[in-house]
Number of protein chains: 2
Amino acid sequence: MISQTEENYLKALYNLTYLKGEASVNEISKRLEIKMPTVNSMMKKLSEKGLVHYESYKPLKLTEEGKKEAALIIRKHRLTEMYLVEKMGFAWDEVHQIAEQIEHIHSPEFFTKMDQLLGYPTVDPHGSPIPDHNGVMRSESYIFLDTCKTGDVVTLMAVQPSSKELLQYLSAKDLELGTTLTILSIEPFDNSITVSYGDRTSAVLSSKVTATLLVRPIS
Amino acid sequence: MISQTEENYLKALYNLTYLKGEASVNEISKRLEIKMPTVNSMMKKLSEKGLVHYESYKPLKLTEEGKKEAALIIRKHRLTEMYLVEKMGFAWDEVHQIAEQIEHIHSPEFFTKMDQLLGYPTVDPHGSPIPDHNGVMRSESYIFLDTCKTGDVVTLMAVQPSSKELLQYLSAKDLELGTTLTILSIEPFDNSITVSYGDRTSAVLSSKVTATLLVRPIS
DNA sequence: CTAATAAGTTAGATTATACTAACAAAATAT
DNA sequence: ATATTTTGTTAGTATAATCTAACTTATTAG
């Protein structure tokens with residue numbers, strides 16, 4: 001049995017690791033607003049339960065089982081958000097807090113019914129994919145930046161595969177997850193892409209970089 | 001702040017006291033399947049919070065505030081049951097477990113929305129009244145047995161006012177809350193009522209008794 | 001009315017989840 | 001390359017909610 005508290009840690013770890021495959025005690029601590037020693041001991045506990053790979057001083061990863069459990073919680077969260085908006089008439093900015101609570105309800109039938117009433121959606125209206133009932137996240141809703149066309153407007157969602165060097169490179173360019181990019185041009189010779197975002201009116205990204213950036217088209 | 005656990009104790013106490021105004025540690029212990037010492041210390045805690053009247057070795061009662069809090073939880077439970085049946089297509093026997101969980105969601109907007117979508121119901125399809133948003137239970141859905149007609153079929157819901165003697169009398173006749181009674185005849189002379197229920201094909205209840213029994217008509 | 005039974009209480013232990021203080025390791029900056 | 005800062009860990013404490021064992025009070029049955 002996984003407690004509500006444990007579920008929150010799994011979800012946090014899932015979301016934090018989605019981009020780079022691993023996360024730190026410190027990151028979880030900040031996200032959940034829980035002190036590091038508490039996070040630390042919870043990670044050991046989840047490790048005993050086979051949900052997290054934990055080794056002293058090393059980055060945290062979810063096990064396959066942990067990933068599945070986390071994805072199923074996120075599935076419940078996103079289905080709930082969809083339901084609240086589509087069937088109950090809530091605005092998108094009102095539903096998160098409610099979904100944070102309903103995601104912990106234990107009732108497969110309840111969420112199956114929601115899914116059915118919603119017509120088996122695969123993405124929520126923000127474009128975030130809804131994992132299926134086996135916890136498998138369709139990643140098709142995110143595409144690699146090197147498959148986009150001139151004029152596309154996209155949001156940076158994930159980096160895959162990830163490396164410290166790449167993350168430092170992106171960080172130096174002020175490219176963060178969630179950044180919206182406009183594709184200004186694509187150089188046919190080497191497939192480098194010129195984009196604008198934030199304060200940058202023009203930045204060139206090599207194909208080596210664009211092949212690792214997962215983005216979600218806007219609109 | 002009232003914890004989910006505390007809410008469950010309040011609800012149990014509310015339901016147990018609904019008929020006779022008070023309940024015992026033992027009754028709560030049985031209903032919640034929690035040992036008596038645990039119930040005892042929780043009652044002290046709820047007493048400190050002003051929700052329960054607790055005195056050693058005396059019966060338990062809810063304070064006005066405790067009654068209101070409990071009624072609001074029951075409101076959330078019954079609205080949820082209604083919603084699950086009316087709007088999501090669940091059968092009545094499937095909704096209790098789900099409602100037991102959703103009743104603890106903290107979100108006035110969520111339940112207000114449900115209420116609105118259901119058209120502000122005042123009783124659930126079992127005939128149980130739904131307390132209003134101030135925790136006031138309309139008790140009109142229960143009537144005294146002495147106001148019924150020959151041929152009525154009713155369920156015994158509460159006893160008001162209650163006394164030890166009356167409860168012993170009812171107990172001796174195997175008359176419990178929830179018992180379904182069929183009214184066979186009414187004697188005009190003294191208003192005594194002959195009923196059948198369970199294994200008893202015929203039992204006579206005096207008007208003194210029938211004037212204290214609150215019942216819910218079936219159908 | 002007393003003896004037996006049931007109900008209520010107290011004391012102390014246990015588990016889950018959080019914390020602070022203190023120390024250790026790793027990363028960073030000069 | 002070392003000093004400083006950040007991150008991670010350990011140890012010990014706190015609170016909520018549960019339990020068992022032992023004792024007390026109240027109720028019930030002869």
Side-chain angles (χ1 to χ4, degrees), chain A residues 1-13 16-17 20 22-49 51-61 69 100-101 104 106 163-169 171-172, chain B residues 1-13 16-17 20 22-49 51-61 73 100-101 104 106 162-172:
Chain A
M1 197 74 276
I2 301 177
S3 73
Q4 196 154 315
T5 306
E6 290 168 337
E7 287 189 344
N8 285 330
Y9 283 89
L10 288 177
K11 193 170 59 129
L13 190 48
L16 285 168
T17 55
K20 50 186 196 302
E22 51 188 49
S24 67
V25 171
N26 194 243
E27 285 169 319
I28 297 177
S29 170
K30 279 175 183 151
R31 169 172 291 227
L32 297 180
E33 295 181 23
I34 284 172
K35 295 290 183 292
M36 288 195 359
T38 307
V39 174
N40 193 273
S41 52
M42 182 57 87
M43 290 304 117
K44 285 180 175 175
K45 188 179 167 198
L46 292 174
S47 172
E48 307 253 298
K49 288 194 174 190
L51 299 166
V52 167
H53 291 296
Y54 173 85
E55 284 181 273
S56 279
Y57 297 107
K58 293 204 180 148
L60 301 161
K61 295 179 189 189
E69 291 295 344
E100 287 282 313
Q101 299 178 68
H104 300 296
H106 293 297
S163 66
K164 192 171 161 187
E165 294 72 33
L166 177 61
L167 292 172
Q168 285 175 343
Y169 170 83
S171 174
Chain B
M1 198 74 277
I2 301 176
S3 73
Q4 196 154 315
T5 306
E6 289 167 339
E7 287 189 345
N8 285 330
Y9 283 89
L10 288 177
K11 194 169 57 128
L13 190 49
L16 285 168
T17 55
K20 50 186 194 303
E22 51 188 49
S24 67
V25 171
N26 194 243
E27 286 168 318
I28 297 177
S29 170
K30 279 174 185 151
R31 168 172 292 226
L32 297 180
E33 295 182 34
I34 284 172
K35 295 291 181 292
M36 288 193 7
T38 308
V39 174
N40 194 273
S41 52
M42 182 57 88
M43 289 305 116
K44 286 180 175 175
K45 188 179 167 196
L46 292 174
S47 173
E48 306 253 298
K49 288 192 174 193
L51 299 166
V52 167
H53 290 297
Y54 173 86
E55 284 180 274
S56 278
Y57 299 106
K58 295 209 178 140
L60 300 162
K61 295 179 189 187
I73 300 159
E100 286 282 313
Q101 299 178 68
H104 300 295
H106 293 297
S162 167
S163 66
K164 193 172 163 186
E165 294 71 33
L166 176 60
L167 293 173
Q168 285 176 342
Y169 170 84
L170 295 176
S171 176

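Protein chains get the first letters and strands the later ones, always in sequence-line order, with residue 1 at the start of each.
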Student: Check whether any side-chain N or O of A/Tyr57 sits under 4.0 Å from OP1 or OP2 of D/dT10, and answer yes or no.
Tutor: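 Negative; the distance criterion is not met.
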Student: Looking for any heavy atom pair under 4.0 Å, which part of the strands does B/Lys58 touch: base, sugar-phosphate only, or nothing?
Tutor: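 No contact.
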Student: Above 12 or not: heavy atoms from other molecules or residues under 6.0 Å from NZ of A/Lys49?
Tutor: yes
Student: Report yes or no: does B/Thr17 contribute a side-chain atom to a donor-acceptor pair with the main-chain N or O of B/Leu13 at less than 3.5 Å?
Tutor: yes
Student: What is the distance, rounded to the nearest whole Å, between atom CG of A/Leu60 and atom P of D/dT7?
Tutor: 14 Å
Student: If you apply the rule side-chain hydrogen bond (donor to acceptor under 3.5 Å, both in side chains), what do you find for A/His104 with A/Glu7, and how did you get there?
Tutor: CA-CA 8 Å; A/His104 300 296; A/Glu7 287 189 344; 2.6 Å; yes
Student: Taking atom P of D/dT15 as reference, at what distance in whole Å does atom NZ of B/Lys49 sit?
Tutor: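 Atom-to-atom, B/Lys49 to D/dT15, this comes out as 14 Å.
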Student: Hey, does A/Ser41 reach any base, or is it just sugar-phosphate, or nothing, if we go heavy atoms under 4.0 Å?
Tutor: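 Touches nothing.
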Student: Does any non-hydrogen side-chain atom of B/Ile34 lie less than 4.5 Å from one of B/Met42?
Tutor: no
Student: Atom CE of A/Met43 to atom P of D/dT7: distance rounded to whole Å?
Tutor: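 To the nearest whole Å, that distance equals 17 Å.
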Student: To the nearest Å, give me how far apart CD1 (B/Ile2) and C1' (D/dA16) are.
Tutor: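 Rounding to the nearest Å, CD1 of B/Ile2 and C1' of D/dA16 are 15 Å apart.
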Student: Can you check the B/Asn26 CG to C/dT5 P distance for me, whole Å?
Tutor: 17 Å
Student: Show me the pairs that pass salt bridge (Lys or Arg N to Asp or Glu O under 4.0 Å) and involve residues 25-34 of chain A, at least two apart or across chains.
Tutor: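 Every salt bridge (Lys or Arg N to Asp or Glu O under 4.0 Å) pair that includes a residue of residues 25-34 of chain A, provided the two are not neighbours, is A/Lys20-A/Glu27.
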Student: How many whole angstroms separate atom CE of A/Met42 from atom C1' of C/dT15?
Tutor: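 Going from A/Met42 (CE) to C/dT15 (C1'), I get 12 Å.
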Student: Looking at residues 29-38 of chain B, who's got a heavy atom less than 4.0 Å off DNA chain D?
Tutor: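 Close to the strand are B/Ile34, B/Lys35, B/Pro37, B/Thr38.
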Student: side-chain contact (heavy atoms from CB on, under 4.5 Å) with A/Tyr9: which of A/Thr38, A/Leu60, A/Val52, A/Ile2?
Tutor: A/Thr38
Student: Going from CD on B/Gln101 to CD on A/Gln101, what distance comes out if it is rounded to the nearest 0.5 angstrom?
Tutor: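 Interatomic distance, B/Gln101 CD to A/Gln101 CD, rounded to 0.5 Å: 13.0 Å.
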Student: Take the protein atom CD of B/Glu22 and the nucleotide atom C1' of C/dG8, then report the distance between them rounded to whole Å.
Tutor: 15 Å
Student: Taking CE from A/Met1 and C1' from C/dT15, how many angstroms apart are they, rounded to a whole number?
Tutor: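 It works out to 17 Å between those atoms.
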